[in-house]
Amino acid sequence: MKEIDIPKNYDAKTWEDALYQKWKESGLFDPDTCIQAGITDESRPTFSIVLPPPNVTGRLHVGHAAMLAIEDTIVRYHRMKGDRTLWIPGTDHAAVATQSKVEDILWKEEKKTRYDFSREDFLARLAAFAKESRSDIRHQIEKLGSSVDWSREAYTLDSERSLAVRTAFKRMYDDGLIYRGYRTVNWSVKGQSTCSDDELEHIDRKATLSTFRYSKDFPIAIATTRPETKLGDTAVAIHPDDERYKKYIGKVFDIPSFAGGPALSITIIADAMVDPAFGTGAVGITPAHSHTDYDVYLRHKEEIRFTQGGEAVIGQDGRMTDSAGKKYAGLSVADARAKVIDSIRTEGLLEKEEAVDQTVGTSDRFKDVVEVIPMQQWFIDVNKTFSRNGREVSLKELMRESVSSGRVTILPERFTRTYFHWIENLRDWCISRQIWFGHQIPVWYRNDEIFCGVDAPSGEGWRQDEDTLDTWFSSGLWTFSTLGWPDREAKDFKTYHPTTLLETGYDILFFWVARMILMSEYLLEANPFDTVYLHGLVRDAEGRKMSKSLGNIIDPLDVTETHGADALRIALLSGATPGNDVKLSEEKILAMRNFTNKLWNLSRYVAAMSSPSSEKPQVKSDADRYIIDTLSFIQASVTAHLEKYELSLAAEELREFTWSDFADWYVEVHKIEKNDALLRQVFDTLLRLWHPFMPFVTEAIHETLHLNQSPFLMVAPWPHREEKLPAKPGAEAPFELLKDVIIKIRNVRSIYRIDPTRNMRIGVRAGSETILVNNKAVLEAIAHIDAIENIGSDTPENAVLIQAGTLQIFLYLDDVIDKEQELARLNKELEETLKYIEGIKARLSNRAFMDRAPEHVTQAEQSKLETAQEKARELESWIRVILT
RNA sequence: GGGUGAUUAGCUCAGCUGGUUAGAGCGUCACAUUGACAUUGUGAAGGUCACUGGUUCGAGUCCAGUAUCACCCACCA
């Protein structure tokens, strides 16, 4: 063994940052540079992907790490394959999330609220915070080895993206798809802002369902869990076919004062949405404080009023308004509820109270139960039709068609159904937010004039709308706002859109993926991406969500620091299939860290035990043949898996080959055969196959060994199956035999040490080389050869010589086998095999089977029968061998 | 209320359109080890494929139902 100065263990820390810097400085993350450098051909297909922009609220978590690992692996594969590969990084300003985070900090550190600042100053604080976060995030993305093109980095709130947002807004406004309307919205009292339906988190809670009448002479009792809203009721809805109440339809009842509060005028209407079997079969309608009631109101606009004349009964401060009457005005919702119940109970109007389970929507950002109140807000109308290529379509339809036509494929497929279901139930999207951080709505007012434009109108006295846009409005444009749109002639836009793949978590399918499809289909008449790969959540070893309160958060930076980015990446990838959650544990990371070290030590072996040679790699032995054949199979298989985004399977196969076939077996063979050129070639191929998964350790090895000419392994060509070496001429017959043996040996997972001092038991001799093997399971393999005859029985002592062509196999019987035991085992196996043969024969002579089974099945049966019969013959002859 | 997924070894999971005796990793136990690597190697033990029916020559795999768990959606007020 040569002296080598490679440390025994792979130390990620000494390599990772330096390697990343080199990659970055080379500019090869940028496809344009790759083309200039002659690494990528301009005629190659493109592979483009945008990084789902992390929120600038703070540090990345392990879920981001999983996302980066998956995307980087795919991206690196395509880059090596020679595709014009573009991966655009960026960050999301995450409007509400970031603003509330900064508000928290300001309160904690300076005891100030945003109202202690001017809008301008407050936004400056936010910008500073975001800048800091972005730099942190950038650092973390790099730490994981992500090969993103930093020269194209984007931010959802920078000037280019702002232009895209204003342009998109104006187009939708001009088409009448964005409207300003007074209607019910979800209102977070705590956050003093709206939130969209998707931002609601539904929680279960107990509630009291109270059944009562508005007044003594009101003919119908109604049930509710929100008695305080009943102060604003304008109608009672019943089912059109409900015989009990049919006669009241269209009647109007005046209640002088409900529960000591305001006067109500209640119209009885018929609506099919009412379930006659629930409660009393009648629903009190409060159009101002319930989305469903609002929908009822829209259907019966002619018959009923929105409120009882005044304003809604609950205000933006979460308290009852003057319209709720003197008795209730100013009370909190909870207090008002108690008081209403109190009042109707004393009046004898309360008929029943029962406990029910109820789900209520809470703001996922502010955690308070949202109030439904009517407000003047901006909406995107998803149902309004507009003309598109000569037909009338709605945004909803565009979103549906993008997927149903197959232009967009969702992985896993089951989410397609979820997606359609969501579209069915989609309501207009409320896009205005009453916060300061974000894209201010590009609409200006002057007296009664209203102006929507990409830029502010000229002239004096215009005042811009103070609201900002829902953050998902700008992220919806992400696949093309990052590529130069609205300049339709931008080179990137023309080259890379639609993007090839969108990889993101299934939890934002609706928030983001659906919005991107909406925006892209509407603005560009194109799908934003061809395939959506939805990954799962990263959970802890027990399958729990990672959260601060459980204290089970794994910080990706900690892991890269201690075990290296490669170990973390591969731990996150293994077991990750689309749509399924991944469990991550310290043990898993350790196991993968061990694997990176295994690879590292293979490189030490290659460096120390082989020499670089100019010789062309050649297949010189059967072992060579086997390893090359297997490798070419693995190459093909890994490539196929990567094409289908089955990263976990690809990594698993590679790992199995690397550890069992290459490290545990072929390296041992090499110790006697010394086919250095081939060893190096195989290892080189292996490193390339591994590179997308474990970029750092493979690049580090490449830098040490330089097994190929590429400046970086990162841009070394992806191994293709065609690169298979030619077979050694004139070695066919015995060669095939030994290959068979070796394959069988491999299948029983036995290992061969070539150390004669150890109690080796079987020697396989091929030409002048002898391979010693020590597993009794190999006997089966030997038996296979035995079937080809030529059994000798002398040399050396206590051994049987089996010969097939030029191939000789020694079997050291006495060492190996307890004859009795082995005979029993063989007999048992023979018996089972015979039974199995009977079974197949029975099947083949079974009329029903032969009639109904498809031809390929009967053929398979036939060949199975032959195999089994052969096996039986082998077993029999092997038994004869032992008996002699 | 509707939907989706899961249930296979002690643990985590593979198992493709049904086809021999259901596989792997981790863990456990035994053994080995001056050797590229103890971050190692060889081997062993370990399973009524959740349950009940059905289809089939044949079911872990397909169908129906049941149970348990998880998640998503939702206009029972």
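What you see below is based on every heavy atom in this structure, not just the backbone, and it leaves out hydrogens, waters and symmetry mates. Naming convention: chains lettered A, B, ... in sequence-line order (proteins, then strands); numbering from 1 in each chain. Keep in mind that this is a model prediction, so the values were computed, not measured.
With the 3.5 Å cutoff on both pairing distances, Watson-Crick and G-U pairs in RNA chain B assemble into runs of at least 3 at B:1-7 with B:67-73, B:10-13 with B:23-26, B:28-32 with B:40-44, B:50-54 with B:62-66.
Distance, R604(A) CZ to C37(B) C1': 7 Å, rounded to whole Å. Across the protein-nucleic acid pair, D664(A) atom CG and G43(B) atom P stand 10 Å apart, rounded to whole Å. One can place CD of E586(A) at 14 Å from P of G27(B), the figure rounded to the nearest angstrom. Note: OH (Y605(A)) to C1' (C37(B)) measures 12 Å, nearest angstrom. The nearest whole Å value for the distance from the CE atom in M592(A) to the P atom in C37(B) is 23 Å. Rounded to whole angstrom, the span from the CH2 atom of W659(A) across to the P atom of A36(B) amounts to 16 Å. Distance, D676(A) CG to A36(B) C1': 14 Å, rounded to whole Å. Rounded to a whole Å, the NE2 atom of H641(A) is 14 Å from the P atom of A14(B).
An OP1 or OP2 oxygen of G41(B) is reached within less than 4.0 angstrom by a side-chain nitrogen or oxygen of K598(A).
The side chain to side chain donor-acceptor pair (under 3.5 Å) check on E653(A) picks up S637(A), H641(A), with sequence neighbours excluded. A search for side-chain contact (heavy atoms from CB on, under 4.5 Å) contacts involving D676(A) returns S610(A), S611(A), H670(A), K674(A), not counting sequence neighbours. By the salt bridge (charged side-chain N to carboxylate O under 4.0 Å, His left out) test, R205(A) pairs with no residue at all, sequence neighbours left out. Among residues two or more places apart in sequence or in another chain, the side-chain contact (heavy atoms from CB on, under 4.5 Å) test is passed with F420(A) by R400(A), V403(A), S404(A), T416(A). By the side-chain contact (heavy atoms from CB on, under 4.5 Å) test, A591(A) is found to be paired with no residue, residues two or more places apart in sequence or in another chain being considered. Qualifying side-chain contact (heavy atoms from CB on, under 4.5 Å) partners for R417(A), counting only residues two or more places apart in sequence or in other chains: R414(A).
The shortest distance between side-chain heavy atoms of E353(A) and L209(A) does not fall below 4.5 Å.
Within the nucleic acid shown, R414(A) comes within 4.0 Å of sugar-phosphate atoms alone, with no base atom in reach, counting heavy atoms only. Within the nucleic acid shown, A237(A) has no heavy atom closer than 4.0 Å to any nucleic acid atom. In this structure, K8(A) reaches the sugar-phosphate backbone alone: every heavy-atom distance under 4.0 Å involves primed, P, OP1 or OP2 atoms, never a base.
Under the 30°/60° scheme for interplanar angles, the aromatic rings of F693(A) and W690(A) are found to stand perpendicular. Under the 30°/60° scheme for interplanar angles, the aromatic rings of F595(A) and W659(A) are found to be tilted.
U28(B) sits 29 Å from U34(B) when the C1' atoms are compared, rounded to a whole Å. Nucleotides A44(B) and U56(B) place their P atoms 41 Å apart, quoted to the nearest Å. Rounded to the nearest Å, the gap between the P atom of C49(B) and that of A59(B) is 12 Å. Taking the C1' atom of each, C37(B) and U17(B) are spaced 43 Å apart, rounded to whole Å. Remark: the separation of the P atoms in U40(B) and C13(B) is 23 Å, to the nearest Å. Taking atom C1' on both A64(B) and U55(B), the two are 11 Å apart, rounded to the nearest angstrom. Taking atom C1' in both U20(B) and U61(B), one finds a spacing of 16 Å when rounded to whole Å. Taking the C1' atom of each, G35(B) and G18(B) are spaced 49 Å apart, rounded to whole Å.
The heavy-atom pair separating D293(A) from S290(A) by the smallest distance is N-OG, 3.1 Å.
The residue among R417(A) and N594(A) whose nearest nucleotide of RNA chain B is located toward the 5' end is R417(A).
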- Along nucleotides 69-77 of chain B, 5' to 3', which nucleotides get a B, which get an S, and which get a -, given that the test is a protein heavy-atom distance under 4.0 Å? ----SBBBB
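Within the structure, every pair that satisfies the salt bridge (charged side-chain N to carboxylate O under 4.0 Å, His left out) test and touches residues 231-240 of chain A, not counting sequence neighbours, is listed here: K230(A)-D233(A).
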